[in-house]
Amino acid sequence: MIMERTFSIIKPDGVKRNLIGKILSKMESADLKIVSTKMIHMSRREAEQFYSVHSARPFFGELCDYMTSGPVVVSVLEGKNAVVAYRELMGATDPAKAAKGTIRAEFGLSIGENTVHGSDSLENAAIEVAYFFSGTELVNAAK
Ligand code: DAT
Ligand code: MG
């Protein structure tokens with residue numbers, strides 16, 4: 001069994017609409033352990049750096065405005081094939097195209113306000129976890 005860690009954000013639209021509990025519950029129901037979680041309000045600089053891979057895209061400014069528009073809940077999830085498992089639970093980027101039962105199909109408002117972020121690879125998961133969490137904030141969920 002390949003145990004992995006991935007990184008999640010409940011975006012401002014999810015926090016504003018009181019969906020934190022429902023979304024964390026879906027993660028747990030999908031056998032993902034919440035290794036750490038906290039609420040933060042990203043600075044513009046943090047959002048720009050976090051999404052720097054998209055800096056040349058036309059929606060970059062809008063994306064950073066949105067991600068800094070209110071608090072978000074960042075979490076580290078651990079489980080079997082956690083990166084892919086959480087991407088599957090989230091659904092496609094555009095909620096209109098997301099499979100039934102996924103978080104984005106159920107809660108997403110638009111391609112921009114799509115309620116959750118999840119790492120797209122194990123390598124990026126490690127970078128994203130380290131960006132928002134210190135080692136002492138991460139317990140060993142397997143124990
Ligand atoms: P994902 O979040 O599914 O990994 P992504 O990495 O391609 O998707 O894009 C990051 C975020 O940028 C996405 O969650 C919402 C926003 N975004 C992507 N494509 C967009 C578009 N065409 N218009 C507006 N926002 C977009
Ligand atoms: Mg992405």
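Computed over heavy atoms, backbone and side chain alike; hydrogens, waters and symmetry mates excluded. Whatever order the structure lists them in is the order used to number ligands and atoms, beginning at 1.
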Pairwise side-chain contact, V116 with I9, heavy-atom cut-off 4.5 Å (strictly under): no

Any idea which part of K11 is under 4.0 Å from ligand 1, heavy-atom wise: side chain, backbone, both or neither? side chain

Answer whether the closest heavy-atom distance between the side chains of N114 and D13 falls below 4.5 Å. no

Donor-acceptor side-chain pairing of S119 and N124 below 3.5 angstrom: no

Inspect the contact between K33 and E78 and indicate whether a charged nitrogen and a carboxylate oxygen are less than 4.0 angstrom apart. no

For atom 8 (O) of ligand 1, find the nearest protein heavy atom and state the residue, atom name and distance (0.1 Å precision). T93 OG1, 3.3 Å

Measure up the H54 and F59 rings against each other and bin them: parallel (under 30°), tilted (30 to 60°), perpendicular (over 60°). tilted

Contact check, H54 vs ligand 1, heavy-atom distance below 4.0 Å: yes

Under 4.0 Å to a heavy atom of R87 - the qualifying atoms of ligand 1, by number: 1 (P), 3 (O), 4 (O)

Could you tell me whether E62 and ligand 1 have an N or O pair separated by under 3.5 Å? no

Could you list the atoms of ligand 1 found under 4.0 angstrom from a heavy atom of N114? 13 (C), 14 (O), 15 (C)

Tell me which protein heavy atom sits closest to atom 23 (N) of ligand 1, plus the residue, atom name and distance to 0.1 Å. I111 CG2, 3.6 Å

Run the contact test for M90 against ligand 1 with a 4.0 Å cut-off on heavy atoms, strictly below, and give the result. no

Run the salt-bridge test on E137 and K38 with the 4.0 Å N-O cut-off and return the result as yes or no. yes

At the 4.0 Å heavy-atom cut-off, does R104 count as touching ligand 1? yes

Among protein heavy atoms, which lies nearest atom 11 (C) of ligand 1, and at what distance? L63 CD1, 4.0 Å

Do me a favour and list the nearest non-hydrogen protein atom to atom 18 (C) of ligand 1 with residue, atom name and distance? F59 CZ, 3.4 Å

Checking the N or O distance criterion of under 3.5 Å, is ligand 1 in contact with R57? no

Any carboxylate oxygen within less than 4.0 angstrom of a Lys/Arg side-chain nitrogen, looking at D65 and R44? yes

Under a 4.5 Å cut-off applied to non-hydrogen side-chain atoms, are V15 and V73 in contact? yes

